[in-house]
Amino acid sequence: MALAILGGTFDPIHRGHVACAQELQERLGFSRLDLVPCHLPAHRDSPDSSAAHRLAMVRLAIEGLDGLGVDDRELRRDGPSYTVDTLAELRAELGEKPSLTFVMGGDAFNSLQHWERWQSLFEFANVLVMERAGIASKPAAEVLAYTEPRRMDAMQITTLPSGGFARIALQPWPQSATEVRRRLQADESLDDWLPEAVLNYIREHRLYL
């Protein structure tokens, strides 16, 4: 059993998010990769859309895609969404032996030192950083000192219960939720940036206007 989770506000989820999850699944062969929409992000502005809408869009985006799932536990908790709490819950459910990997973006990794009990992430899971073109890797010195001794090949991550650290370069994709929201508000073309079911949902519920 090798479970991975990929968190985010998904406000809205777009084709880049889905492509990223699929590439990770195809290359590393997780038993399952769950997308975890956060309730209230601790280090960024609150989402524009409600938890219910964002969860519905994530479910629509991955419907029928093998190996991908949705975990709504953070939306069911009050207050800020702390990743360490989510990983602790998952580890308690999984037991000690299964592999659990938290996947994060390079931009988030650059500010990891500000996360709640960030060192404890490795107590409960492995950490995998997605590297994307155009985002420079500039982690804090304390984060670098803590993670580099744990560094390994990304494929090794799936064999460890927790404690490992790896980076993986993914195929570039142009989409960003910020730009999607701007284009929706301006009634501009989205250039196929959203899964069709997600775009239909946004239009039906008149989101981001």
Side-chain angles (χ1 to χ4, degrees), residues 4-24 33-65 68-87 89 102-116 118 121 129-136 170-209:
I5 66 167
L6 173 61
T9 53
F10 302 117
D11 189 33
I13 189 168
H14 52 67
R15 288 196 184 277
H17 291 132
V18 178
C20 165
Q22 288 182 296
E23 183 177 352
L24 288 169
L33 189 152
D34 283 347
L35 279 67
V36 185
C38 73
H39 180 210
L40 294 173
H43 303 290
R44 58 188 298 179
D45 294 338
S46 296
D48 285 6
S49 286
S50 69
H53 283 317
R54 291 184 291 114
L55 177 60
M57 289 187 284
V58 171
R59 285 177 169 157
L60 287 170
I62 67 163
E63 187 174 5
L65 300 181
L68 300 185
V70 183
D71 188 326
D72 68 352
R73 72 182 63 232
E74 292 190 356
L75 300 180
R76 292 185 270 110
R77 289 202 302 257
D78 293 328
S81 300
Y82 293 122
T83 298
V84 67
D85 294 334
T86 298
L87 295 179
E89 286 182 6
F102 171 61
V103 183
M104 67 188 308
D107 51 348
F109 182 60
N110 286 341
S111 61
L112 184 61
Q113 73 275 13
H114 300 302
W115 287 34
E116 181 80 5
W118 66 268
L121 300 177
V129 175
M130 301 178 293
E131 296 181 333
R132 286 178 55 199
I135 298 179
L170 300 181
Q171 293 293 319
W173 36 270
Q175 298 90 345
S176 77
T178 301
E179 178 64 9
V180 167
R181 292 194 300 271
R182 189 198 68 77
R183 292 188 179 202
L184 285 166
Q185 290 165 359
D187 197 25
E188 295 179 4
S189 170
L190 284 162
D191 298 322
D192 199 32
W193 279 21
L194 295 173
E196 184 176 0
V198 172
L199 180 58
N200 290 339
Y201 184 93
I202 288 171
R203 289 172 171 166
E204 177 185 352
H205 295 275
R206 297 185 57 79
L207 304 180
Y208 308 110
L209 299 179

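In what follows, residues are counted from 1 in the order of the sequence shown. Keep in mind the model is a prediction, meaning the values are calculated, not measured.
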| field | Where at least one partner belongs to residues 196-207, residue pairs that pass side-chain hydrogen bond (donor to acceptor under 3.5 Å, both in side chains), sequence neighbours excluded | value |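 Output for this query lists His53-Tyr201.
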Could you list the donor-acceptor pairs under 3.5 angstrom formed between side-chain atoms of residues 55-62 and any protein atom two or more places apart in sequence or on another chain?
none

Salt bridge (Lys or Arg N to Asp or Glu O under 4.0 Å) partners of [X], counting only residues at least two apart:
X	value
Asp187	none
Arg73	Asp71, Glu89, Glu93
Glu179	Arg182, Arg183

| Which atoms form the tightest heavy-atom contact between Tyr208 and Gln185, and what is the distance? |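 Closest pair (atom of Tyr208, atom of Gln185, distance): O-CG, 2.8 Å.
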| request: Check whether any side-chain N or O of Glu23 sits under 3.5 Å from a backbone N or O of Leu170 as a donor-acceptor pair, and report yes or no. | output: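 Side chain of Glu23 to backbone of Leu170, a donor-acceptor pair under 3.5 Å: no, none is there.
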| said: Given 3.5 Å as the limit, does a donor-acceptor pair link the side chain of Arg54 with the main chain of Cys38, or not? | reply: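 Side chain of Arg54 to backbone of Cys38, a donor-acceptor pair under 3.5 Å: yes, one is there.
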| Residues in ring pair (Phe, Tyr, Trp, His ring centres under 6.0 Å) contact with Trp193, at least two apart in sequence or another chain |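 Checked Trp193 against ring pair (Phe, Tyr, Trp, His ring centres under 6.0 Å); zero matches.
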| said: Exactly one of Pro47, Pro37, Ser49 should register a side-chain contact (heavy atoms from CB on, under 4.5 Å) with Thr9. Which one does? | reply: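 When side-chain contact (heavy atoms from CB on, under 4.5 Å) is applied between Thr9 and each of Pro47, Pro37, Ser49, only Pro47 qualifies.
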Is there side-chain contact between [X] and [Y], with heavy atoms separated by less than 4.5 Å?
X	Y	answer
Leu121	Met104	no
Pro12	Leu207	no
Leu199	Leu184	yes

| field | Heavy-atom neighbours of Glu63 CD exceed 12 at 6.0 Å | value |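 No, not enclosed.
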| said: If the condition is side chain to side chain donor-acceptor pair (under 3.5 Å), which residues does Thr86 pass it with, not counting sequence neighbours? | reply: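 Result, side chain to side chain donor-acceptor pair (under 3.5 Å) vs Thr86: Glu74, Arg77.
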